[in-house]
Amino acid sequence: MPWLYFDITSPLITFVPYTLNMYRTHTCGELRLADVGREVTLSGWVQRNRDLGGMTFVDLRDRYGITQLSFNLEARPEMTEQARKLGREFVLQVSGTVTERESKNLNMPTGEIEIRVTRMQVLNASETPPFTIEELSDGGDELRMKYRYLDLRRPNMQRQLMLRHQTAQAVREYLNSNAFLEIETPFLIRSTPEGARDFVVPSRMQAGQFYALPQSPQTFKQLLMVSGYDRYYQIVRCFRDEDLRSDRQPEFTQIDCEMAFVEREDVLATFEGLLRHIFKQVKGIELPEFLRLSYDEAMEKYGSDKPDLRFGMEIHNVTALTRNGAFPVFEQAETVQGICVPGAAEWSRKQLDTWTDWVKRPQIGAQGMVWLKVAEDGSLKSSVDKFYSESELKTWAEALSAQPNSLILLLSGVRHKVQKQLGALRLAIADELGMRSADSFCPLWVLDFPMFEFDEEQGRWFAMHHPFTSPYGADYEEVKKNPGAVRANAYDLVLNGSEIAGGSIRIHSREIQETVFALLGLSAEEAEKQFGFLLNAFRYGAPPHGGIAFGFDRLCSILAGLDSIRDVIAFPKNNAGRDLMIDAPAEIDAQQWKELNLKSTL
Ligand code: ASP
């Protein structure tokens, strides 16, 4: 059935029974054959208008659906004349009798009835909208963002925002029933050096000083644990002034959570429960088992720390099998690894060249690609036939468990680069072959992340998660001595190739926190200045604690089966960080510059 009309019986839409008022007795989505004969009043927008001579039909739309109105020229000439002239998006109120339709439309829930209109009032006229307000609009992105309030009238946008609402309700339901408290934390805080760039807000009253908008409520939620609130959550806006990659929003929403007196397993169990509850409530789906992979395993098998497990095509290391002294490229490489694409032995030379060019693009950065076809009859053919014997090639096919009619693709080079390149290739091929179905869901936890990453350019260590994450099974002596080897007590929840949540067990000892700050290049004075409040709080009985935050926009987009988070945000920014509707950011006037003690660059 086309997604053209709402099905108000769907669990996605909480149907609020109408309240009888002067504008409507029913919504445009609810009348059925059983209502035939009723006198009703509806209000809504004109979706379209068809004049068939003696009869005129108008589709009236609201967020619950569409109901057909009929006007009979003979019975009511004046009103029918008026109905003929109604433009798209006029706002109407009509009263009439629910009647069985002669030609029924079983594709829409109200398709068996129509309203024979006896009274009509135009509540407001509308100019012709700049694009069609239908599921598949004819308007381009920019135009639809400029007129977002019209775009939001489209049935799919309305369904998406209703789904977002329902997801938020499911989150609250679950967390409330698990003793979590919803507590707000401030939006005007101080700027801190770690993490992404802050958005800053000049203070009028303290000349020359700035607030920052929070990148997350991280330190506040930890302080709430120190204060004894034991289980906290918030569906909260976070702000990061990053260069906008596609589908990043400068402001986005997290389901932010923290718990005291817990270990990693408690957090994993609690939030596995949350995701299960959401899927059950919103999609009626029972999620499969949550797999677990260590960071190293995820990188080795899938070339990504957020692997998509909806399909196989795992990465295999065949370095040892390629060492026969003949093929210099493989001889010189640290590693040779590959994936096996099922059903692809028939790929043409041209297709293989296209994929080779694809991996050689600077974004991927491979030097070249070797292929090996395993035909339906098991015979082998490869791009390196002259360097390897048939029996050698066979060992590769075995190592990759290649079935008849499959294609092995191999890349070589430095280990961590080859893994990432194959990880990207694996996803792109799966996309091409339609192996990433929007209605299958494979959740997993990725664990045992490295605690620190060394940045060659800046010559210092960075926290891979954030500086408040505790080391896993290492004391602070080890953190000091060998930071590169220390694992973090951090976890990511991954769904279909997206990191939907991430968190950690936190440091709650002042000494370890100071050690980590020092390792991250923060002097004792700097640490005191930036994070003195937290270090001080740790002096007064901080309980062991840990938490997690879900990317709420991404979660909603996955639930809606959409790629873009913009489609589940009511008023998003474009790729340049602009709100095209209100035209922000915008200049401020000279008086504001002055009051804020800023020097105007105007
Ligand atoms: N505050 C972290 C983040 O925004 C999540 C967490 O550790 O709870 O990524």
Side-chain angles (χ1 to χ4, degrees), residues 171 175 180-187 189-199 212-226 229-242 248-260 262-264 266-272 274-275 295 305-306 445-453 462-472 487-495 498-508 512-513 516 520 530-531 534 542-555 565:
V171 169
L175 294 174
F180 282 79
L181 299 173
E182 187 169 3
I183 302 176
E184 287 155 285
T185 52
F187 277 176
I189 65 170
R190 65 170 294 149
S191 188
T192 53
E194 276 289 321
R197 204 176 289 115
D198 284 327
F199 278 103
L213 301 178
Q215 296 183 28
S216 87
Q218 184 61 35
T219 48
F220 290 96
K221 67 174 171 174
Q222 290 189 240
L223 292 172
L224 287 171
M225 296 305 109
V226 177
Y229 290 90
D230 145 318
R231 286 173 173 223
Y232 139 95
Y233 81 95
Q234 192 180 184
I235 299 182
V236 62
R237 200 66 56 79
C238 301
F239 306 85
R240 296 185 190 170
D241 188 4
E242 292 173 302
R248 278 257 177 100
Q249 288 283 317
E251 50 179 310
F252 58 95
T253 304
Q254 287 190 342
I255 312 167
D256 192 47
C257 307
E258 197 74 5
M259 303 166 85
V262 286
E263 302 181 318
R264 182 175 88 179
D266 303 308
V267 180
L268 300 193
T270 304
F271 292 99
E272 180 165 329
L274 171 62
L275 198 66
Y295 171 81
D305 59 1
K306 41 180 190 315
W445 291 104
V446 179
L447 308 169
D448 305 334
F449 284 84
M451 176 119 171
F452 304 104
E453 274 175 315
F462 277 83
M464 193 148 166
H465 185 51
H466 54 53
F468 314 107
T469 294
S470 68
Y472 192 47
R487 298 279 131 177
N489 202 351
Y491 29 79
D492 275 359
L493 181 52
V494 175
L495 183 63
S498 292
E499 178 202 324
I500 58 162
S504 59
I505 297 298
R506 325 297 184 188
I507 296 168
H508 64 283
I512 298 190
Q513 191 64 74
V516 169
L520 297 175
Q530 304 284 351
F531 297 111
L534 187 71
H545 61 285
I548 194 165
F550 283 70
F552 186 61
D553 309 297
R554 170 60 59 209
L555 178 62
I565 61 170

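Each ligand, and each atom within it, is numbered from 1 in the order the structure gives.
The shortest non-hydrogen separation linking Asp305 to Val446 is O-CG2, 3.5 Å.
Remark: Arg248 engages Glu242 in a salt bridge (Lys or Arg N to Asp or Glu O under 4.0 Å) (not counting sequence neighbours). Listed by chain and residue number, nothing satisfies the salt bridge (Lys or Arg N to Asp or Glu O under 4.0 Å) test with Arg231 (two or more places apart in sequence, or in another chain). Annotation: side-chain hydrogen bond (donor to acceptor under 3.5 Å, both in side chains) contacts of Gln530 (sequence neighbours excluded): Glu526.
Between the side chain of Arg240 and the main chain of Gln215, a donor-acceptor pair closer than 3.5 Å is present.
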Can you list every pair where an N/O of ligand 1 is under 3.5 Å from an N/O on the protein?
unit_1: ligand 1; atom_1: 1 (N); unit_2: Ser216; atom_2: OG; d: 3.1
unit_1: ligand 1; atom_1: 1 (N); unit_2: Gln218; atom_2: OE1; d: 2.7
unit_1: ligand 1; atom_1: 4 (O); unit_2: Arg240; atom_2: NH2; d: 3.1
unit_1: ligand 1; atom_1: 4 (O); unit_2: Gln254; atom_2: NE2; d: 3.1
unit_1: ligand 1; atom_1: 7 (O); unit_2: Gln218; atom_2: OE1; d: 3.4
unit_1: ligand 1; atom_1: 7 (O); unit_2: His465; atom_2: NE2; d: 3.0
unit_1: ligand 1; atom_1: 7 (O); unit_2: His466; atom_2: NE2; d: 2.9
unit_1: ligand 1; atom_1: 7 (O); unit_2: Arg506; atom_2: NH1; d: 2.8
unit_1: ligand 1; atom_1: 7 (O); unit_2: Arg506; atom_2: NH2; d: 3.3
unit_1: ligand 1; atom_1: 8 (O); unit_2: Lys221; atom_2: NZ; d: 2.6
unit_1: ligand 1; atom_1: 8 (O); unit_2: Arg506; atom_2: NH2; d: 2.8

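Checking Gln234 against Thr185 by side-chain atom types alone, a donor-acceptor pair falls below 3.5 Å.
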